[in-house]
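Predicted model, so just to flag it, every value in this text is computed and none were measured. Residue numbers start from 1 in every chain, and the chains themselves are labelled A, B, ... in the order their sequence lines are given, proteins ahead of strands.
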Amino acid sequence: MPRDALTFDNDAIAKVLDEIADLLELKGENVFRAVTYRAAARSIRDLREPLAKLAQEKRLTEIPKVGPSVGEAIEQIIATGSSRRHEELKAAVPPGLLTLLRVGGVGPATARTIYDHLRITTIEELEEAARDHRLQQLPKIQAKTEENILRSIAALKQRTGRSLIHEAKAAATTMVEYLRAETGTDRIAIAGSLRRYKETIGDIDIVVAADDAGPIMETFVRAPSIERILARGDTKSSVVVDRGLQIDLRVVPPASFGAALLYFTGSKEHNVRLRGLALRRKLLLNEYGLYRVGAEARGQEIASATEEEVYAALGLVWIPPELREDRGEIDAAQSGALPNLVALADVQGDLHTHTNWTDGRDPLADMARRARAKGYAYLAVTDHSPGLGMTNGLSLERVGARIAEAAKLNEELAPFRVIVGTEVDIRANGKLDYPDDVLAKFDIVSASVHSSFGQARDAMTARITGAMRHPLVTAISHPTGRLLEKREPYAVDLDAVIDTASETGTWIEVNGGPERL
DNA sequence: GCCGTTTTCGGCCCGACTGTTTTCAGTCG
Ligand SMILES: Nc1nc2c(ncn2[C@H]2C[C@H](O)[C@@H](COP(=O)(O)OP(=O)(O)OP(=O)(O)O)O2)c(=O)[nH]1
Ligand SMILES: [Mg+2]
Ligand SMILES: [Mg+2]
Ligand SMILES: [Zn+2]
């Protein structure tokens, strides 16, 4: 679900808490303290309410991992823009150490060593020192570490950020098919954030079950698309393929496939919670299986072959990967209160599509036949209105042609139905981009914002809710305007949009396009 | 720093790979 643009403030505060965590680690303080700040940052990113509101209502400590100390820091940041803890740490830890942490393979210890001896505080200085072989004079650093630092800096420079689901899925499928074809393995699965369908994907994680991991690993690191091997071990390897995308492969014995899939699917926080739960029952959970503490040898698994078995042995029903984020799903699985997720089979049709008449790729006829073949009951075609210059929106004449085209297809494809719609632009002044008599010709009208994203929150909210109140408007599409990894959502009061939706009966689009979601 | 179907104090997930090391720390998944 898209979040209210207001939570930007939450994100900014989460960022400060993450930085406090890094600084605590660099300073060498108790790591659990740092872990707590990081965990608090994560729960704040998950919040649906502005922290300022929670602070005002004295409810900050209701947030998981927020207690007196973190709560005080948050209050100070809200009030003054910074917290005492943060300022003290910034004064105590040399500036620039944080920068060094961005280099892969450089953690708090290495950063400290480099700074203490060479006073290096920027990536550029680090690169220069590595090129001049000044790093290998330092304790615990030799030629290989120096080379790795140079490689990591190069990777940092060409890094493309997190991937969208369709891009990650394409890369993952290519590798899975390659491994299948070359090794004959069929016990292979995509894991990690891609299996959990997170909005964006950091890297790709694949797990394979095999008695002999050697040939699988060998095939993996020889894949033609590989640019760099980050690590190559007996059971786990990491490589970089095109544009800096990382792929991690984990190979385990077939008996451990379920436990390994569970581990590698994550999330990390879900794993930690499950393992903590196991521990309280004197059980040990790792990627090989569930064991009684003290009987942890391979072969002594209580459960390991399937995820269901492992969850069941912990008193839980199987949890869908999409829910494995430590947001209460484990308690829910314990009490049988997991929600029933919407599944692919539930999807009856699509309500937002574009054809080659505007900025889509294919003709309507192809799309309609394909949708029917997919088992859909309907397809709404919602090409653009003319106001958006670049998209070649439909003129009045082409609207007429569209209606005729759809009528013909509907005869051919019945009971499947092509719904004639439009994605009408909501202009900056709130007016819709077709006159009412044209809007009245469509079966459905989806209205959305495509310009003047910088409007003030009140203006944007009025612009959108105004469109929702128009009697001919059926739906609001992409209500936040965000493009993942590209454009932040515009400022809008989503609560007001939702209230207006329930008041007017306007639909709010659940955008399934991987670039928006 | 947080938290509690063992605990209000004493834990906090667990293991693989690398590089540097003569036995392991650091970093990452
Ligand atoms: N138990 C445990 N499992 C971890 C830890 N870190 C990572 N994992 C597991 C769960 C993760 O989902 C899985 C893959 O790690 P990644 O770093 O690729 O994370 P993930 O794919 O969830 O997110 P991403 O989109 O790649 O950033 O490995 C950890 O510290 N402990
Ligand atoms: Mg991943
Ligand atoms: Mg990974
Ligand atoms: Zn649009």
Side-chain angles (χ1 to χ4, degrees), chain A residues 17 20-21 24-26 28-43 60-74 85 100-114 135-136 138-149 151-152 191-193 202-207 213 217 221 229-239 246-252 256 259-260 262-291 293 296 298 315 326 331 334-335:
Chain A
L17 297 180
I20 290 176
L24 286 167
E25 267 195 318
L26 285 165
E29 285 202 31
N30 183 333
V31 292
F32 294 111
R33 191 168 296 165
V35 165
T36 297
Y37 274 94
R38 239 174 240 127
R42 185 177 195 265
S43 27
L60 282 180
T61 51
E62 290 175 17
I63 303 167
K65 301 296 171 177
V66 175
S69 298
V70 177
E72 194 186 329
I74 293 170
R85 194 84 174 96
L100 301 187
L101 288 184
R102 301 196 317 157
V103 179
V106 175
T110 313
R112 270 241 85 105
T113 304
I114 292 170
L135 296 183
Q136 27 178 311
L138 274 38
K140 301 266 196 177
I141 297 181
Q142 295 289 340
K144 285 198 170 175
T145 302
E146 207 172 57
E147 284 166 32
N148 284 336
I149 285 176
R151 273 195 268 268
S152 292
S193 51
D203 71 1
I204 288 164
D205 306 283
I206 298 172
V207 54
M217 280 303 169
V221 298
I229 298 170
L230 295 171
R232 190 222 187 283
D234 295 335
T235 73
K236 185 179 122 178
S237 296
S238 294
V239 301
Q246 181 175 330
I247 305 184
D248 297 332
L249 177 70
R250 191 67 206 262
V251 184
V252 296
S256 292
L262 180 61
Y263 152 70
F264 223 30
T265 296
S267 65
K268 175 191 170 189
E269 290 76 11
H270 181 83
N271 290 350
V272 169
R273 176 79 67 185
L274 272 187
R275 289 168 181 211
L277 180 75
L279 220 47
R280 286 209 298 277
R281 300 175 187 180
K282 302 254 186 291
L283 300 172
L284 170 83
L285 177 61
N286 59 30
E287 61 266 50
Y288 298 103
L290 184 68
Y291 304 83
V293 170
E296 300 158 17
R298 296 298 109 83
D326 188 29
D331 283 346
Q334 226 156 3
S335 57

Notebook entry, point to check: Taking the same atom, C1', in B/dT7 and in B/dC12, what whole-Å distance lies between them?
Noted result: 13 Å
Next item on the list: Please state how far atom NZ in A/Lys268 lies from atom P in B/dC12, giving the value in whole angstrom units.
Entry: 15 Å
Margin query: Please classify the nucleic acid contact of A/Val31 as base, sugar-phosphate, or nothing, using heavy-atom distances under 4.0 Å.
Written below: nothing
Notebook entry, point to check: If you check the A/Thr110 side chain, which of B/dG26, B/dT18, B/dG29 turns out closest?
Noted result: B/dG26
Check: Does B/dG1 have OP1 or OP2 sitting under 4.0 Å from an N or O in the side chain of A/Arg33?
Finding: yes
Margin query: Distance check needed: B/dC3 P versus A/Glu269 CD, whole Å only.
Written below: 15 Å
Notebook entry, point to check: Reckon A/Asn271 touches a base, only the sugar-phosphate, or nothing at all at heavy-atom distances under 4.0 Å?
Noted result: nothing
Check: Given the P atoms of B/dC13 and B/dT18, what is the spacing between them in whole Å?
Finding: 26 Å
Item checked: Exam field: side chain A/Glu146 to backbone A/Gln136, donor-acceptor pair closer than 3.5 Å -> yes
Item checked: More than 12 heavy atoms of other groups within 6.0 Å of A/Arg42 CZ -> yes
Item checked: Salt-bridge contact A/Lys282-A/Glu296 (side-chain N to carboxylate O under 4.0 Å) -> no
Check: When the distance from NZ of A/Lys144 to C1' of B/dT27 is rounded to whole Å, what number comes out?
Finding: 17 Å
Margin query: Students often get this wrong, so: under 4.0 angstrom with heavy atoms, is A/Arg85 touching a base, only sugar-phosphate, or nothing?
Written below: sugar-phosphate
Checklist line | Short side-chain N/O contact from A/Thr235 to OP1 or OP2 of B/dC17, under 4.0 Å | finding: yes
Notebook entry, point to check: Given the P atoms of B/dG11 and B/dT6, what is the spacing between them in whole Å?
Noted result: 16 Å
Note to self: What is the distance, to the nearest angstrom, from the CZ atom on A/Phe32 to the C1' atom on B/dG10?
What the structure shows: 11 Å
Next item on the list: Could you tell me whether A/Arg232 contacts a base, only the sugar-phosphate backbone, or nothing, with contacts defined as non-hydrogen atoms closer than 4.0 Å?
Entry: sugar-phosphate
Notebook entry, point to check: Can you check whether A/Leu26's main-chain N or O pairs, donor with acceptor, with A/Arg112's side chain at less than 3.5 Å?
Noted result: yes
Next item on the list: With heavy atoms under 4.0 Å as the rule, sort A/Glu29 into base, sugar-phosphate or nothing.
Entry: nothing
Item checked: Distance (rounded to the nearest 0.5 Å) between A/Ser238 OG and A/Arg250 CZ -> 10.5 Å
Check: In whole Å, what is the span from the CZ atom of A/Arg280 to the P atom of B/dG4?
Finding: 9 Å
Margin query: Without decimals, in angstroms, what is the distance between A/Lys65 NZ and B/dG1 P?
Written below: 14 Å
Notebook entry, point to check: Base, sugar-phosphate alone, or nothing: which one does A/Ser237 contact when heavy atoms must sit under 4.0 Å apart?
Noted result: nothing
Margin query: Give me the distance, rounded to whole Å, that separates B/dT21 from B/dG26 when you measure between the P atoms they each carry.
Written below: 13 Å
Next item on the list: Please evaluate the base of B/dG15 for a donor-acceptor partner in the side chain of A/Tyr263 within a cut-off of under 3.5 Å?
Entry: no
Margin query: For B/dT27, give the paired nucleotide (Watson-Crick: N1-N3 plus N6-O4 or O6-N4; G-U: N1-O2 and O6-N3; both under 3.5 Å), or none.
Written below: B/dA16
Notebook entry, point to check: Over how many whole Å does the gap from A/Glu146 atom CD to B/dG26 atom P extend?
Noted result: 20 Å
Margin query: At less than 3.5 Å, do the side-chain atoms of A/Thr36 and the base atoms of B/dG1 form a donor-acceptor pair?
Written below: yes
Notebook entry, point to check: Has the side chain of A/Ser267 got a donor or acceptor atom that lies under 3.5 Å from a matching backbone atom of A/His270?
Noted result: yes
Check: For A/Leu274, which contact category applies under a 4.0 Å heavy-atom criterion: base, sugar-phosphate, or nothing?
Finding: nothing
Margin query: Reading DNA chain B from 5' onward, which residue's closest nucleotide shows up sooner: A/Gln142 or A/Val70?
Written below: A/Val70
Next item on the list: May I have the distance from A/Asn30 (atom CG) to B/dC12 (atom P), rounded to whole angstrom?
Entry: 13 Å
Next item on the list: Ignoring the backbone of A/Lys236, work out which of B/dG26, B/dC14, B/dC28 is nearest its side chain.
Entry: B/dC28
Check: Okay, side chain of A/Ser237, backbone of A/Met217: is any donor-acceptor separation there less than 3.5 Å?
Finding: no
Next item on the list: Can you tell me, in whole Å, how much space there is between the P of B/dT20 and that of B/dT27?
Entry: 13 Å
Checklist line | Touch class at under 4.0 angstrom, heavy-atom based, for A/Gly104 against every strand present | finding: sugar-phosphate
Margin query: B/dA16, OP1 or OP2 - any side-chain N/O from A/Tyr288 closer than 4.0 Å?
Written below: yes
Next item on the list: Give A/Asn148 one of three labels, base, sugar-phosphate or nothing, depending on what nucleic acid heavy atoms sit under 4.0 Å from its own.
Entry: sugar-phosphate
Notebook entry, point to check: If each of A/Arg250 and A/Gly71 is mapped to the nucleotide of DNA chain B with the nearest heavy atom, which maps nearer the 5' terminus, i.e. the 5' end?
Noted result: A/Gly71
Note to self: Taking only the C1' atom of each, what is the distance from B/dG10 to B/dG15 in whole angstrom?
What the structure shows: 24 Å
